[in-house]
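Structure first, commentary second.
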Amino acid sequence: MRLYTHPKLRITVEEINNIPYIKEVWRGILNPVVFRDLIDTSLDIYAKEIKKHKITGQEKFLLYADVTELEMIRQEEITWLDTEINPQYEKLGFTHQAVLSPITLIAANKVDEYNTDDENASFITKVFRDHKKALKWFLDDSKI
């Protein structure tokens with residue numbers, strides 16, 4: 001189910017094993033102003049939509065960010081996501097964030113640093129190169 005469409009971002013609700021999750025698909029070169037505006041827009045959408053799609057009693061909830069088509073992002077945006085935005089994702093009810101790494105080396109070098117160091121944190125981010133491994137990680141780690 002599509003929640004939002006922009007030339008740089010598409011947000012949908014997907015399912016795996018009848019478990020809903022939010023999927024973002026990012027593409028292109030992200031101007032910092034546009035990127036931050038899109039993140040703010042996505043936070044507004046999630047504040048309204050998560051409760052509609054999260055299954056009652058579901059303890060774990062995934063934000064899946066496919067950034068394979070992302071061409072470039074600044075380190076400042078990665079730091080901002082980690083320090084400012086991830087706590088907001090957690091407050092909204094996300095527990096896991098799987099990031100599918102960019103194909104371009106420039107963007108991949110930045111995104112690959114985005115992993116959570118503490119696997120016991122209440123909001124965990126992990127970067128993957130394979131779609132199936134990302135979803136398997138969430139399912140294996142989730143006691144849904």
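Residue numbers start at 1 and run along the sequence shown.
- For Gln88 (side chain) and Glu84 (main-chain N/O), a donor-acceptor pair under 3.5 Å exists by modelled atom type.
- Ring geometry for Trp80 versus Phe35: interplanar angle over 60°, hence perpendicular rather than tilted (30 to 60°).
- His6 approaches Val34 most closely through the heavy-atom pair CE1-CG1, 4.3 Å.
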May I have the step-by-step check of side chain to side chain contact (heavy atoms under 4.5 Å, CB included) for Phe128 and Val99, ending in yes or no? CA-CA 6 Å; Phe128 296 88; Val99 179; over 6 Å; no
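- Counting heavy atoms from C-beta on, the side chains of Phe61 and Leu92 never come closer than 4.5 Å.
- The structure places CD1 of Ile16 at 10.5 Å from NZ of Lys136, a figure rounded to the nearest 0.5 Å.
- Here the NZ-NZ distance, from Lys126 to Lys133, works out to 10.5 Å after rounding to the nearest 0.5 Å.
- Taking 4.5 Å as the limit, every side-chain heavy atom of Thr125 sits out of range of all side-chain heavy atoms of Tyr89.
- Here the straight-line distance linking atom OG of Ser122 with atom NZ of Lys91 works out to 11.5 Å at 0.5 Å rounding.
- Leu100 has its side chain out of reach of Arg129: every pair of non-hydrogen atoms, C-beta onward, lies at least 4.5 Å apart.
- Closest heavy-atom contact between Leu3 and Val13: CD1-CG2, 3.6 Å.
- Using cut-offs of 30° and 60° for the angle between ring planes, the Phe138 and His96 rings count as perpendicular.
- For residues 29-50, every residue pair satisfying the salt bridge (Lys or Arg N to Asp or Glu O under 4.0 Å) rule, not counting sequence neighbours, is listed here: Arg36-Glu77, Glu49-Lys52.
- Rounding to the nearest 0.5 angstrom, the gap separating the CG atom in Leu70 from the CD1 atom in Ile103 is 10.5 Å.
- Taking CD1 from Ile50 and CG from Leu63, the interatomic distance works out to 8.0 Å, rounded to the nearest 0.5 Å.
- In this view, Arg10 satisfies the side-chain hydrogen bond (donor to acceptor under 3.5 Å, both in side chains) rule with no residue, not counting sequence neighbours.
- Of all non-hydrogen atoms in Thr68 and Ser101, the two that sit nearest each other are CG2-O, 3.3 Å.
- In this structure the side chain of Ile85 reaches within 4.5 angstrom of the side chain of Leu43, judged on heavy atoms.
- Within the structure, the side chain to side chain donor-acceptor pair (under 3.5 Å) test picks out the following pairs touching residues 21-31 (sequence neighbours left out): Glu24-Trp26, Glu24-Tyr46, Arg27-Glu69.
- Glu59 and Thr95 are not linked by any side-chain donor-acceptor pair at a separation below 3.5 angstrom, with hydrogens and angles left out of the test.
- Two residues are said to be in side-chain contact when any heavy atoms from C-beta on lie closer than 4.5 Å; Ile19 and Leu139 meet this criterion.
- How far NZ of Lys8 is from CG of Leu38: 9.5 Å, rounded to the nearest 0.5 Å.
- Residues Pro20 and Lys54 fail the side-chain proximity criterion, which asks for heavy atoms closer than 4.5 Å.
- Cluster annotation: Met1 is connected to Leu9 through the hydrophobic network of ILVMFWY side chains, with a link wherever side-chain heavy atoms come within less than 4.5 Å.
- No continuous path of hydrophobic side-chain contacts links Ile55 to Ile22 [ILVMFWY only; heavy atoms under 4.5 Å].
- Note on Val25 and Met72: separate hydrophobic clusters, where clusters join Ile, Leu, Val, Met, Phe, Trp and Tyr whose side-chain heavy atoms are under 4.5 Å apart, directly or indirectly.
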